[in-house]
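Position 1 is the first residue of the sequence; numbering continues from there. Small disclaimer: the values here were computed from a predicted structure and weren't measured.
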Amino acid sequence: MMSELIRSALERRQPSVFMSGPSFAREIMERRPTLFVAASRDRKLARRIQQLFASQYVRVNTSADVVGVEVCGATKNVLAIAAGIVEGLDLGHNAMAGLIAQGCSEIRWLSKKMGARPETVAGLSGLGDIMLTCCGDLSRNRTVGLRLGKGESLTEILETNTQVAEGVATAGAVIGLARKYKVQLPVLLPKCWMKI
């Protein structure tokens, strides 16, 4: 997790805030209404960030659940690739709804084992971000899945993609977390990921 990486790299505790939630950068730049979460163990710092980013079109909620925000922010990208695959294969709305619902459960299972709060998974940085990333046309990860579902190879996609789809690299980290915490994640980590 990024919070652990920062502490390890700096060899000390560093006050930090992790921002996550349903937001596409383009829509923020277009000043469209956006809500996201500033998570920090330092509540005062989270409130400062909330005030700094708040505007007529941006609302920032605060949370002390750094683990939940980080886990949701990472795993939703893997789920979005799966959602794109379902769409690329034209499996229909039933399959998409089932996949996203099961994926949300799996994210909740992993998050809980890692110490996250259930309300985080049900909130903006969980369900909100999952909905946007799995269903939004601007989602880089969903686009990778869509192309995979239409038959392109991952190598082909990565060579021609002009944007980073974090879910590709994150899948490996999620595999490690699932093993470490002994959590079964059949939607987030189907056997086909093991070949990537």
Side-chain angles (χ1 to χ4, degrees), residues 1-5 18-23 36-37 39 63 65-136 139-155 157-158 161 164-196:
M1 303 308 304
M2 187 58 73
S3 56
E4 295 167 358
L5 182 64
F18 300 87
M19 297 175 72
S20 186
S23 56
F36 55 87
V37 175
S63 172
D65 186 9
V66 171
V67 171
V69 168
E70 285 187 284
V71 172
C72 289
T75 53
K76 55 96 178 171
N77 292 321
V78 178
L79 182 56
I81 292 173
I85 292 170
V86 166
E87 187 171 340
L89 292 170
D90 195 25
L91 298 178
H93 298 297
N94 295 345
M96 182 66 76
L99 174 103
I100 294 172
Q102 177 65 29
C104 287
S105 292
E106 293 177 16
I107 291 169
R108 188 181 69 247
W109 300 336
L110 179 60
S111 297
K112 183 178 178 184
K113 287 269 189 155
M114 294 179 69
R117 296 185 193 139
E119 61 267 21
T120 301
V121 180
L124 285 174
S125 57
L127 187 57
D129 212 359
I130 289 165
M131 289 170 52
L132 183 73
T133 308
C134 289
C135 303
S139 170
R140 301 179 305 265
N141 293 288
R142 180 181 155 277
T143 299
V144 166
L146 186 63
R147 291 175 67 185
L148 284 169
K150 290 186 176 187
E152 290 183 63
S153 72
L154 184 59
T155 303
I157 295 166
L158 295 178
N161 213 2
V164 175
E166 306 93 321
V168 175
T170 302
V174 174
I175 291 168
L177 290 171
R179 287 179 181 148
K180 178 179 178 179
Y181 290 97
K182 296 176 177 42
V183 180
Q184 294 294 314
L185 307 174
V187 164
L188 288 177
L189 301 174
K191 287 187 173 53
C192 66
W193 274 117
M194 308 308 169
K195 298 175 189 170
I196 294 175

Looking at [X] and [Y], would you say the former's side chain and the latter's main chain have a donor-acceptor pair under 3.5 Å?
X	Y	answer
Asp65	Arg117	yes
Glu70	Phe18	no
Asn77	Ala165	no

Distance-minimising heavy-atom pair for [X] and [Y]:
X	Y	result
Val69	Ala39	CG2-CB, 3.6 Å
Met19	Phe36	CE-CE1, 2.8 Å
Leu89	Gly149	CD2-O, 3.2 Å
Ala83	Met96	O-CE, 3.1 Å
Gly167	Asn141	N-OD1, 2.7 Å
Lys113	Lys182	NZ-O, 4.2 Å

Only one of Thr170, Leu185, Leu177, Val174 passes side chain to side chain contact (heavy atoms under 4.5 Å, CB included) with Thr75; say which it is. Val174

For a side chain to side chain contact (heavy atoms under 4.5 Å, CB included) with Ile100, tell me which candidate from Ile130, Leu127, Val86 qualifies. Ile130

[X] vs [Y] side-chain heavy atoms within contact, under 4.5 Å:
X	Y	value
Leu188	Leu79	yes
Val121	Cys104	no
Asp129	Cys72	no
Lys76	Cys134	no
Val144	Leu154	yes
Leu124	Pro22	yes

Rounded to the nearest 0.5 Å, how far apart are [atom1] of [X] and [atom2] of [Y]?
X	Y	atom1	atom2	value
Glu87	Thr143	CD	OG1	9.0 Å
Ser105	Gln102	OG	CD	5.5 Å
Ser153	Arg147	OG	CZ	9.0 Å
Arg108	Glu106	CZ	CD	10.0 Å

In this structure, are over 12 heavy atoms from other groups packed under 6.0 Å from Glu119 atom CD? yes

List the steps, then state whether side-chain contact (heavy atoms from CB on, under 4.5 Å) holds for Leu132 with Ser139. CA-CA 8 Å; Leu132 183 73; Ser139 170; over 6 Å; no

